[in-house]
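Values in this document were obtained by computation on a predicted structure and should not be read as measured data. So you know, we letter chains A, B, ... as the sequences are listed, proteins then strands, and number each from 1.
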2 protein chains.
Amino acid sequence: MVTCQDMTEPTTSAPALRGRPRSERSHQAIIAATNELLNERGFVDLTIDEVALRAKVSKTTIYRRWPTKGTLVFEAFSDQFLALQPIPSAGSLHEDLLAALRRFIKVIKGTVMGRTLAGLVAEVQRDPELAEVWRDRFVVRVRTHHRVMIDRAIERGELSDDVDAEVVLDLLYGAAYHRLLQSHLPLSDGFAQAVVDTVVAGLLTNHAGTATKGVGG
Amino acid sequence: MVTCQDMTEPTTSAPALRGRPRSERSHQAIIAATNELLNERGFVDLTIDEVALRAKVSKTTIYRRWPTKGTLVFEAFSDQFLALQPIPSAGSLHEDLLAALRRFIKVIKGTVMGRTLAGLVAEVQRDPELAEVWRDRFVVRVRTHHRVMIDRAIERGELSDDVDAEVVLDLLYGAAYHRLLQSHLPLSDGFAQAVVDTVVAGLLTNHAGTATKGVGG
DNA sequence: AGGGTACGATACGTGTCGTACCGTAAATAA
DNA sequence: TTATTTACGGTACGACACGTATCGTACCCT
């Protein structure tokens with residue numbers, strides 16, 4: 001769980017347990033109501049007032065914990081989403097990447113999370129504070145997670161250590177995000193195959209001479 | 001120029017020139033004021049009221065032509081942006097794609113258009129009507145434009161006609177959009193090189209056997 | 001002249017946000 | 001027990017931007 005305090009302040013060792021504690025039940029009810037409304041209306045048409053109504057909680061209680069709609073939805077979304085993105089270990093780089101990308105696409109298309117993800121990316125462009133939280137607690141987290149597939153391929157010697165893992169992730173998931181956000185073409189399985197085919201083929205080519213190392217940062 | 005009517009209705013042959021015509025001067029002033037405010041405040045903090053004030057025009061006049069803030073900003077942005085995306089003809093596929101991607105990145109980083117582009121992509125997630133306009137009059141337009149580079153490479157025989165041009169565009173520009181929207185890493189020149197190196201290498205590999213044709217649509 | 005349309009100015013209703021207030025509830029500390 | 005501290009519910013409120021309505025005036029055609 002990621003509370004508002006965790007998002008904005010470094011975790012304090014002393015939780016200061018004087019006074020009435022925050023209701024865990026309210027917390028759960030708010031997150032649950034948020035997810036319900038995310039399903040029914042989507043990110044844009046979700047209002048804090050309605051969440052409060054649904055959760056049988058005062059609106060004030062929500063604002064005490066989450067400063068904005070974005071941070072609330074972020075929390076309701078992120079843990080749930082990340083739990084559905086395991087790292088495959090099929091063996092080859094191609095198999096791993098394809099399985100991971102398929103998994104990503106499946107969740108995007110098969111649940112409401114695709115629309116919510118798009119809504120959050122949109123909100124991030126509007127709210128600089130949310131952008132920071134988003135990068136640190138989602139983007140970096142997912143990428144670190146996914147980078148394991150590439151690192152393992154390098155360790156196995158399947159891939160040259162000249163390869164910039166960051167660029168690889170940008171190619172794979174950038175393409176997928178692109179279709180999600182622009183909606184110009186569907187996130188089909190053939191798309192996933194073509195993306196992974198092309199990228200892996202490109203990586204397995206010996207590209208000594210065209211330096212591609214260390215450009216990520 | 002793309003007017004509101006052009007966006008929502010098929011172009012009528014009879015422009016109906018009875019009555020007082022719309023002031024072209026007002027049109028220019030509104031677009032100019034929009035671009036000014038886009039520079040000063042960005043997409044999010046731009047308000048129609050302020051555009052009206054700046055353009056010395058009634059707010060009503062703006063709403064007569066553009067139904068929403070998104071469509072107004074879209075028009076102020078798109079022609080300007082597209083004019084800065086010429087198709088290079090250096091010769092090889094690698095050279096063409098790299099030059100085009102560099103050009104894209106240069107405009108994104110060197111002008112306010114990067115922020116505006118991000119803001120528009122965000123707005124598109126919130127406004128379904130704008131989304132339609134965006135796809136038809138921007139995304140498809142840019143992609144058709146860019147696809148020429150790939151088609152020419154196929155004609156030259158440099159590239160197999162098995163290659164799905166749509167996927168190629170998603171890989172290149174998807175990666176760039178990804179860094180623009182997520183801000184996790186900079187849009188450096190090394191990034192552009194690595195992206196093009198990897199994708200072109202992947203395309204030049206003979207991938208007969210892994211069908212990648214016709215999955216774009 | 002007359003009809004049709006755009007214009008300016010302004011007022012208005014709407015929706016959502018986020019905050020302020022205040023009496024009450026729940027926990028700790030003396 | 002009593003005092004203190006903090007969260008809670010309920011509600012009212014201010015702020016802000018949106019988009020619409022109204023109406024008298026300006027412009028261009030037939």
d([atom1], [X]; [atom2], [N]) in whole Å:
{"X": "A:Lys56", "N": "D:dC8", "atom1": "NZ", "atom2": "C1'", "result": "17 Å"}
{"X": "B:Leu37", "N": "D:dA17", "atom1": "CG", "atom2": "P", "result": "12 Å"}
{"X": "B:Ile30", "N": "C:dA6", "atom1": "CD1", "atom2": "P", "result": "13 Å"}
{"X": "B:Arg126", "N": "D:dC18", "atom1": "CZ", "atom2": "P", "result": "11 Å"}
{"X": "A:Trp66", "N": "C:dC17", "atom1": "CH2", "atom2": "C1'", "result": "17 Å"}
{"X": "A:Phe43", "N": "C:dT16", "atom1": "CZ", "atom2": "P", "result": "14 Å"}
{"X": "A:Ile62", "N": "D:dG9", "atom1": "CD1", "atom2": "P", "result": "10 Å"}
{"X": "B:Glu129", "N": "D:dG19", "atom1": "CD", "atom2": "P", "result": "11 Å"}

> Is the shortest side-chain N/O distance from B:Arg65 to OP1 or OP2 of C:dC7 below 4.0 Å?
Replying inline: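 For B:Arg65, the contact criterion (side-chain N or O under 4.0 Å from OP1 or OP2 of C:dC7) is met.
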
>> If you define the side chain from C-beta out and look only at heavy atoms, does anything of A:Gln80 sit under 4.5 Å from A:Asn35?
In response: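 With C-beta onward as the side chain, the pair touches.
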
Would you kindly say whether [X] and [Y] are connected by a side-chain donor-acceptor distance under 3.5 Å?
{"X": "A:Thr68", "Y": "A:Thr71", "result": "yes"}
{"X": "B:Trp134", "Y": "B:Glu123", "result": "no"}
{"X": "A:Arg22", "Y": "A:His27", "result": "no"}

> Checking only heavy atoms, does the side chain of B:Ser58 share a donor-acceptor pair with the base of C:dA9 at less than 3.5 Å?
Replying inline: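 Present.
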
> How are the rings of A:Phe81 and A:Phe138 set to each other: parallel, tilted or perpendicular (split at 30° and 60°)?
Replying inline: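 If you compare the ring of A:Phe81 with that of A:Phe138, the planes turn out tilted.
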
> By ring-ring contact (aromatic ring centres under 6.0 Å, His included), which residues pair with A:Phe43, not counting sequence neighbours?
Replying inline: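 For A:Phe43, no residue satisfies ring-ring contact (aromatic ring centres under 6.0 Å, His included) once neighbours in sequence are set aside.
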
>> For a quick check, with a 4.0 angstrom heavy-atom cut-off, what is the B/S/- contact string for nucleotides 18-30 of chain C, read 5' to 3'?
In response: BBB----BBSS--

> Picking from D:dA7, C:dA6, C:dT10, which would you name as closest to the side chain of A:Arg22?
Replying inline: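 Of the candidates, D:dA7 comes closest.
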
> Below 6.0 angstrom between ring centroids: does that apply to B:Tyr177 and B:Tyr173?
Replying inline: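 Ring centres of B:Tyr173 and B:Tyr177 not closer than 6.0 Å.
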
